[in-house]
Amino acid sequence: MFVLVNLKTYPCDPLEVATAVRDVDETTDARLAVAPQATHVERVAETGVETWAQHVDPIDHGSNTGHTLAESVADAGAVGTLINHSERRLKLADIDGAVQAAQRADLETVVCANNPEQIGAAAALGPDAVAVEPPELIGTGTPVSQADPDIVEDAVTAAENVDDDVSVLCGAGISTGDDVVAAGDLGAEGVLLASGVAKADDPRDALEDLVDPL
Ligand code: G3P
């Protein structure tokens, strides 16, 4: 299973979480990675943890003030990027452009979507993976695998119907190892999670619990 810890703009110490993710990754067969804010990518990547960007824009080098260039996050050490996270929505044409920008910079891509219908559309854009996250469950601590298992299974079917090579992740409310196992049982190849680690009193403990049953 792929476990991607999104730090959003939570007031956690990105280096503390990054080193915990790096260390716990070495204890498990699961693949762990962290997605800090863009300004923290370089320092986080220097810890040796697998580092992802939270977003890239559908742009190339040039006149794009205030945008995030895929090549720049790759130069800073990111190996992948989220695109169209529920908290950073893009128009369809811009999702397409962001996937192309990320691919140009050799970044792995996960395109997020709210539901299975959008997952089908996202998969058609040719990312490495898609992630279904019902917005109403994000940050609630109620795992999508428990509250809405159908949405995960339907997302897997929707992606398979478009392109077998696109992996499906799920996210929202996931905070325990059992939640990750349940996501895998529903056909997901990984999970996105944030508050369960970024807001934990001890992120390392939270991560150890998370991978314990994997
Ligand atoms: O990107 C993952 C995220 O949206 C899920 O957040 O806090 O429910 O784990 P959370």
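In what follows, residues are counted from 1 in the order of the sequence shown. Order of appearance sets the numbers: ligands from 1, and atoms from 1 within every ligand. Everything quoted here is computed from the prediction, not taken from an experiment.
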*Asks:* Has ligand 1 got any nitrogen or oxygen that is less than 3.5 angstrom from a nitrogen or oxygen of L192?
*Replies:* no

*Asks:* Determine whether more than 12 heavy atoms belonging to other residues, nucleotides or ligands lie under 6.0 Å from atom NZ of K199.
*Replies:* no

*Asks:* Answer yes when R22 and E16 have at least one side-chain N-carboxylate O distance shorter than 4.0 Å, and no when they do not.
*Replies:* no

*Asks:* Decide whether the shortest distance between a heavy atom of G139 and an atom of ligand 1 is less than 4.0 Å.
*Replies:* yes

*Asks:* Just distances here: any N/O of G173 and N/O of ligand 1 closer than 3.5 Å?
*Replies:* yes

*Asks:* Of L69, I59, D57, which is the lone residue that meets side chain to side chain contact (heavy atoms under 4.5 Å, CB included) with N64?
*Replies:* I59

*Asks:* Tell me which protein heavy atom sits closest to atom 7 (O) of ligand 1, plus the residue, atom name and distance to 0.1 Å.
*Replies:* S195 OG, 2.4 Å

*Asks:* Do NZ/NE/NH1/NH2 and the carboxylate oxygens of D23 and R204 come within less than 4.0 Å?
*Replies:* yes

*Asks:* Tell me which protein heavy atom sits closest to atom 6 (O) of ligand 1, plus the residue, atom name and distance to 0.1 Å.
*Replies:* K8 NZ, 3.3 Å

*Asks:* Classify the side-chain pair T176/D179 by whether it contains a donor and acceptor separated by less than 3.5 Å.
*Replies:* yes

*Asks:* Who's the nearest protein heavy-atom neighbour of atom 5 (C) of ligand 1, and how far?
*Replies:* E133 OE2, 3.5 Å

*Asks:* Could you verify whether a donor N or O on one side chain and an acceptor N or O on the other, from W52 and E50, lie under 3.5 Å apart?
*Replies:* yes

*Asks:* Looking only at distance, does I138 have an N or O less than 3.5 Å from an N or O of ligand 1?
*Replies:* no

*Asks:* Do me a favour and list the nearest non-hydrogen protein atom to atom 1 (O) of ligand 1 with residue, atom name and distance?
*Replies:* H85 NE2, 2.8 Å

*Asks:* Considering non-hydrogen atoms of the protein only, which is the closest contact for atom 9 (O) of ligand 1, and what is the distance?
*Replies:* A194 N, 2.8 Å

*Asks:* Which heavy atom in T47 sits nearest to a heavy atom in L15, and how many Å separate them?
*Replies:* CG2-CD2, 4.0 Å

